[in-house]
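Residue numbers start from 1 in every chain, and the chains themselves are labelled A, B, ... in the order their sequence lines are given, proteins ahead of strands.
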4 protein chains.
Amino acid sequence: MARKPGVTVAGVRRRAQILHKAEELIARGAFQDMTMESIADALDVSKSGLYHYFKQKDDLLFAIRLETLTGLITHQRERMNSGRPYVDLVREMLYDGIKLVSDSPAKYRAIFELKMKSIAEREEEIQALERDYFHMMAATVQGAIDEGSIRPTDPRLVTQAILSMINHAQYWFKPSGRLSHRALADAYWEMLFIGVASEEWRTVPTATPIPRAANVEFINTEHSPPS
Amino acid sequence: MARKPGVTVAGVRRRAQILHKAEELIARGAFQDMTMESIADALDVSKSGLYHYFKQKDDLLFAIRLETLTGLITHQRERMNSGRPYVDLVREMLYDGIKLVSDSPAKYRAIFELKMKSIAEREEEIQALERDYFHMMAATVQGAIDEGSIRPTDPRLVTQAILSMINHAQYWFKPSGRLSHRALADAYWEMLFIGVASEEWRTVPTATPIPRAANVEFINTEHSPPS
Amino acid sequence: MARKPGVTVAGVRRRAQILHKAEELIARGAFQDMTMESIADALDVSKSGLYHYFKQKDDLLFAIRLETLTGLITHQRERMNSGRPYVDLVREMLYDGIKLVSDSPAKYRAIFELKMKSIAEREEEIQALERDYFHMMAATVQGAIDEGSIRPTDPRLVTQAILSMINHAQYWFKPSGRLSHRALADAYWEMLFIGVASEEWRTVPTATPIPRAANVEFINTEHSPPS
Amino acid sequence: MARKPGVTVAGVRRRAQILHKAEELIARGAFQDMTMESIADALDVSKSGLYHYFKQKDDLLFAIRLETLTGLITHQRERMNSGRPYVDLVREMLYDGIKLVSDSPAKYRAIFELKMKSIAEREEEIQALERDYFHMMAATVQGAIDEGSIRPTDPRLVTQAILSMINHAQYWFKPSGRLSHRALADAYWEMLFIGVASEEWRTVPTATPIPRAANVEFINTEHSPPS
DNA sequence: AATGAATGAGTCTTCATTCAT
DNA sequence: CATGAATGAAGACTCATTCAT
């Protein structure tokens, strides 16, 4: 290949700049606002300059997802090796997620929305990472179950619940508002951990009895329950 | 100038058809796939035919959101007047939401994603509806708090948590999978209502302080979170 | 399909205009000079207007080839049904070809060059037509052999020789020059028919004996010798 | 400024390599596939590396044509000095041409197609060579006429006929087929030399007048040939 | 009420070419 | 010598929208 971008120091920086600017543009507004031209303009680079680093627009989107996920995974792996109690880790997962959405909403949108509009070709690579990430989270929850801090439940559903809260935050949470991201994470954690029921009602089954929902199975996903 | 659309019976039906097909196109795929042409093709109508019913594409999007929200609000209003215990109502809100996402994923996407890409003109009208809907939900939660079934918490955050679960479900829940939407709603409710903590740990809720989480950093980006 | 170009009278004419202008642009210069823009400009139509009639540039090229071949085939079919002696028909084939190249060089270039740069999808359709055309020509030659006017030779090679002369003419023949296309066709025909050898040399084998080349076989083509 | 290219031995070899690779790319596919990038990729050189040897793309194309023509001319000159009978030389011209097309189709395409898309600057130089080559061929034919082996005809038309056969071969001849290039050349020579007419018909060459051919008309085009 | 024709303003992508190192 | 970085100009294609009929 005669095309080897990112060899020079300046080149590496440029690539990162582009990536970052693209995220920024996604963050403030719709995906459709992230055009190759808008990125180029914002960086004061020519449009064709971008194509030196990313052969297609999709490659750019791909790179964003890849980096985000890689970062998330790396961080999660470190966390899991920290030796702290699993509950803490689970709680921290929630906290970090909320913080990430608060700091750079584009990252999470990149993961969840981008997946609905990209080429199938290298999609698998990303999906593998997504699965990895999901499994790591679920494994952490399982750890908490094993250590006895979380009662036996399907760890994957707990994970989905946490992801829900994080992902949805982007649609309403304003870092500038009265609620800090820290406070939000704490509130969500409390809800999830001890529930919202009043003491008396916790034991009283609601009208429709709640069936034991643990160990339900997914289809169409290859999630294998962690151990 | 032709007559105003929606005067004839056939015209009204046509309009509804268009609306429905547009939703369908959103449901399966990205928003970018919902072009005036693709809708026209799918309906076997000429492109200009669509412009009889919707003067602009934004009007179509607007109509979708309007219809969805109105439907949700009406339903919620009826629910609140049913005289049943508030806990049940809250739980049902969650259930209905999951069901809706399961049946027609586009509905919730219409509400949450569409808001990020439409023209501001009649945006206020929609926002008022969104607020209405949100307040009705929050009021229901408040009702449960008042009746003593839910312990005193910020009802808006509980509402957001419920919306989170519902909205996020569209990204992973497959109605064809082995987990029914009912089972999912039940599992989520259990988590939310009695929490995931084991009995012993419930009592030391915030005992373990959350340590300062190391910043989630990403490779090759120079993004430094605001303070 | 909501897209039905060529329904109106004006539409049909437009389509033909576009096709014709495209050919013209190919004729005077390289293929690369036939851009969608140049066609649009030349016709005083907007670029997107062209796309109403041809969804892709390739469709335009395809249409040109299709029409050219169809015209050629129709004409050839009529000729073959005219009841005249086959020699005349063969000679006329050569004459018509030279005339066509003289009148509109683009047509033949369309057939022979375009085939090297088009999508494979509908390529078969064209190839079938090309085969048809070739077979009709070869069959005419065979007719002449059967009627005794042409000596037994491989009719396909004779056909290729005729096509050669026609096709190559585009590279050097100028209708405005001193040689009329009629004269050229006559000269070529004489060469091909009675050969260029002087009387004495016709019977003298040249240094290397000329082997009987009749009935050689092709590979990679599905030409079946016309009975 | 760097040294002039082609000073080092390695440099000369590099230049030849590039030239050769470019031809190869022309040979298999369209001209449009021969981009500076594709050549660079194929040679595992950087794009800017090419610009060391050829200041412009046109220089490359020019070089290809130059080399090809020079080769042909040199060969032809040697042939003409060989002292053999002119008929043999003419026949050999045809044979060599067919062989060349068979071995490297790009060569003839370079001559005939390239001329239609290059910048005019040094075009004259090439054209002079083309004329030289053509004249040498025509002179050889004239020699045969003078020696009495070929009957008096316009030697230029005979030359064109030969070139036709050679050039057109690239569009259909497959070296891998069952017809060898030798056999093809022989068959063509036979046709050209003694003609395809049967003995009886030879004597009434233009007896049958060519009837006014009906104009070859094409559907949907308004192309009317200039009288 | 409905359609085909037509358009302008993008949006992605390619490519020959230059330049600093 | 050689390369990565960068660019301008152009080209294919899309899409919301308007208009005459």
Would you please confirm or rule out a distance under 4.0 Å between OP1 or OP2 of E:dA6 and any side-chain N or O of C:Y53?
yes
Any side-chain N or O of C:T8 under 4.0 Å from OP1/OP2 of E:dA5?
yes
Where DNA chain E forms stems, i.e. three or more consecutive Watson-Crick or G-U pairs with both distances under 3.5 Å:
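As far as DNA chain E goes, consecutive pairing (with distances under 3.5 Å) yields the stems E:2-21 with F:2-21.
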With B for base contact, S for sugar-phosphate-only contact and - for none (protein heavy atoms under 4.0 Å), nucleotides 16-21 of chain F reads BBBB--
Under 4.5 Å between any side-chain heavy atoms of [X] and [Y], yes or no?
X: B:R15; Y: B:H52; answer: no
X: A:V45; Y: A:I39; answer: no
X: B:M36; Y: B:Y51; answer: yes

The side-chain contact (heavy atoms from CB on, under 4.5 Å) partners of B:F62 (sequence neighbours excluded) come to B:L66, B:R122, B:E125, B:I126
Sequence neighbours left out, what passes side-chain contact (heavy atoms from CB on, under 4.5 Å) with C:S48? Give chain and number order.
C:S46
Measure the distance from CZ on C:R13 to P on E:dA6 and round it to the nearest whole Å.
11 Å
Value in whole Å for how far the C1' atom of E:dT7 lies from CG of C:D44
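Atom-to-atom, C:D44 to E:dT7, this comes out as 12 Å.
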With nearest nucleotide decided by heavy atoms, which residue, D:G49 or A:G49, maps closer to the 5′ end of DNA chain F?
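Closest to the 5' end, via its nearest nucleotide, is D:G49.
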As a test of understanding, state which of A:R14, A:K21, A:H20 forms a side-chain hydrogen bond (donor to acceptor under 3.5 Å, both in side chains) with A:Q17.
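Checked A:R14, A:K21, A:H20 against A:Q17; only one passes side-chain hydrogen bond (donor to acceptor under 3.5 Å, both in side chains): A:R14.
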Quick one: list whatever passes side-chain hydrogen bond (donor to acceptor under 3.5 Å, both in side chains) with B:T35, sequence neighbours left out.
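With sequence neighbours excluded, B:T35 shows a side-chain hydrogen bond (donor to acceptor under 3.5 Å, both in side chains) to B:S38, given in chain and number order.
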Contact class for C:G11 vs. all strands (heavy atom < 4.0 Å): base, sugar-phosphate, or nothing?
sugar-phosphate
Over all strands shown, is C:R14 touching base, sugar-phosphate only, or nothing at heavy-atom distances under 4.0 angstrom?
sugar-phosphate
Do C:H52 and E:dA6 share a donor-acceptor pair, side chain to base, under 3.5 Å?
no
Not counting sequence neighbours, list each pair that qualifies as a salt bridge (Lys or Arg N to Asp or Glu O under 4.0 Å) and has a residue in residues 37-51 of chain C.
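Counting only pairs at least two positions apart or across chains, the salt bridge (Lys or Arg N to Asp or Glu O under 4.0 Å) contacts touching residues 37-51 of chain C are C:E37-C:K47.
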